[in-house]
Amino acid sequence: MNLDRETIWLFGGMLGLLTIASGIGHWLHSRVRTEGGRKVVDNLVSRTRAWWVMCAVFGGALAMGRLAPVLMFALTSFLALREFITLTPTRRGDHRSLFWAFFVILPLQYWTLATEWYGLFAILIPVYAFLFIPMRSAIAGDTERFLERTAKIQWGLMVAVYCVSHAPALVTLIKIPGYTGNAKLLFFLVFVAQISDVFQYVWGKTCGRHPIAPKLSPNKTIEGFIGGGLSATFAGAALWWSTPFTFWQAAGMSALIVVMGFFGGLVMSAIKRDRGVKD
């Protein structure tokens, strides 16, 4: 994939910000003395390190060619689905259904991206896999908690495969007249989602007073959501020049990403608490 000048500028700017963030994190780590302050700084440092890894993998995938992002997200989906299924214990009667989920449905979903078969991409999992999984599980004859077990596999496919696959779809499936370099759209999506998470954490730690869902995620506050959301929306709007949107359209898209990312985080927190895990 030939990266255009705007894409290179985006990655260059991102690397510059990460360099500054790493320097600030190192400085804060040497200055903060309280235990609570160190925990906050350590959290920010770990997030910055994760961004370095993401940028390296992300940039390498885009530089290697059009299909590399598809393969990268396919691997991400495989690992995410494995983690999801690990947290939701299954029975022997589910093994054949899980084989189909991991080694047939998941690869087929990303194959539709590689071949630009949008019609099948859009309905493979929410329609065909949704119907097939319970039929395959029923053949096994294990009826104990059948509905719950089937729903877990269906949920795993939707969250870890179907939803995730829409990110590389920005590169392979989206065709916008007069706009080139769809890698910038993928960068825009990931950047706004991630920077929103960071801003909400910082605003929540500095100004947060009123938890939104205290029993579910006590660290998510109204102040953090509003302050971090507005900051991320502004950051996304500032990148309008790299998208096919106007400034206000980019702001609207960023706000939508912020809101959906926030509630997506709440759903993941609910799943983790239901399973009794922290990370």
Side-chain angles (χ1 to χ4, degrees), residues 21 25 32 34-51 54 76-77 79-90 125-126 130 145 147-167 188-237 251-279:
V32 174
T34 65
E35 183 178 351
R38 281 189 174 276
K39 287 183 179 179
V40 173
V41 173
D42 288 342
N43 190 293
L44 290 174
V45 169
S46 66
R47 288 168 186 254
T48 303
R49 289 173 179 169
W51 272 57
M54 286 187 354
T76 301
S77 283
L79 296 175
L81 183 60
R82 186 184 66 174
E83 184 74 9
F84 189 98
I85 296 300
T86 300
L87 296 177
T88 55
T90 55
I125 291 178
F130 175 81
R145 301 168 70 182
L147 182 59
E148 178 184 346
R149 289 164 30 225
T150 302
K152 288 175 180 177
I153 300 175
Q154 292 171 325
W155 250 81
L157 283 171
M158 284 296 296
V159 172
V161 183
Y162 186 70
C163 292
V164 173
S165 68
H166 279 72
F188 178 81
L189 170 66
V190 176
F191 173 79
V192 174
Q194 292 297 317
I195 203 69
S196 173
D197 181 60
V198 172
F199 278 144
Q200 288 183 42
Y201 178 80
V202 173
W203 278 87
K205 285 296 182 182
T206 55
C207 305
R209 297 293 183 273
H210 303 88
I212 294 178
K215 292 184 179 181
L216 181 60
S217 186
N219 291 326
K220 295 184 183 298
T221 62
I222 296 175
E223 295 83 0
F225 174 62
I226 295 176
L230 290 175
S231 300
T233 297
F234 178 79
M253 294 296 293
S254 299
L256 182 61
I257 294 171
V258 166
V259 171
M260 296 307 295
F262 175 81
F263 284 105
L266 279 183
V267 170
M268 292 298 106
S269 294
I271 293 174
K272 289 193 298 182
R273 288 194 177 275
D274 175 65
R275 294 292 86 199
V277 296
K278 175 63 177 175
D279 275 328

Note to self: For Phe130, is there any backbone N or O sitting under 3.5 Å from a side-chain donor or acceptor partner on Gln154?
What the structure shows: yes
Next item on the list: Could you tell me which non-hydrogen atom of Thr221 sits nearest to which non-hydrogen atom of Gly204, and how far apart they are?
Entry: OG1-CA, 3.7 Å
Notebook entry, point to check: Taking it one step at a time, do Arg149 and Thr90 satisfy side chain to side chain contact (heavy atoms under 4.5 Å, CB included)?
Noted result: CA-CA 7 Å; Arg149 289 164 30 225; Thr90 55; 5.9 Å; no
Note to self: Rounded to the nearest 0.5 Å, what separates atom CD in Gln194 from atom CG in Leu189?
What the structure shows: 9.5 Å
Margin query: Would you compute the distance between atom OG1 of Thr88 and atom CD of Glu83 and round it to the nearest 0.5 angstrom?
Written below: 10.0 Å
Next item on the list: Compare every heavy atom of Ser77 with every heavy atom of Ala160, then report the nearest pair and how far apart it is.
Entry: O-OG, 2.7 Å
Item checked: Spacing of Phe263 atom CZ and Ser269 atom OG [to the nearest 0.5 Å] -> 12.5 Å
Next item on the list: Please indicate whether Arg49 has more than 12 foreign heavy atoms, meaning atoms of other residues, nucleotides or ligands, lying under 6.0 Å from its CZ.
Entry: no
Margin query: For the NZ atom of Lys152 and the CG atom of Leu147, what is their distance to the nearest 0.5 Å?
Written below: 11.0 Å
Item checked: Atom CE of Met260: over 12 foreign heavy atoms under 6.0 Å -> no
Checklist line | Flag, side chain of Ser217 to backbone of Ala213, donor-acceptor distance under 3.5 Å | finding: no
Next item on the list: Using atom types as modelled and distance alone, determine if a side-chain donor or acceptor of Ser165 lies under 3.5 Å from a backbone N or O of Tyr162.
Entry: yes
Check: Taking all non-hydrogen atoms of both residues, which atom of Leu216 and which atom of Leu266 are closest, and how far apart?
Finding: CD2-O, 3.6 Å
Item checked: Spatial distance of atom CD1 (Ile153) from atom CD (Glu148) [nearest 0.5 Å] -> 11.5 Å
Checklist line | Pair Leu87-Val277, side chain to side chain contact (heavy atoms under 4.5 Å, CB included): steps then yes or no | finding: CA-CA 8 Å; Leu87 296 177; Val277 296; 3.8 Å; yes
Next item on the list: Supply the atom-to-atom distance Ile226 CD1 to Trp203 CH2, rounded to the nearest 0.5 angstrom.
Entry: 10.0 Å
Margin query: Show the nearest heavy-atom pair for residues Leu81 and Leu157, with the distance to one decimal.
Written below: CD1-N, 4.0 Å
Notebook entry, point to check: Would you say the side-chain atoms of Thr233 pair up with the backbone N or O of Ala251, donor to acceptor, closer than 3.5 Å?
Noted result: no
Checklist line | Minimum-distance pair of heavy atoms, taken over all atoms of Val258 and Gly229 | finding: CG1-CA, 3.6 Å
Next item on the list: Considering non-hydrogen atoms only, spot the tightest contact between Met253 and Phe188 and give its length.
Entry: CB-CE2, 4.2 Å
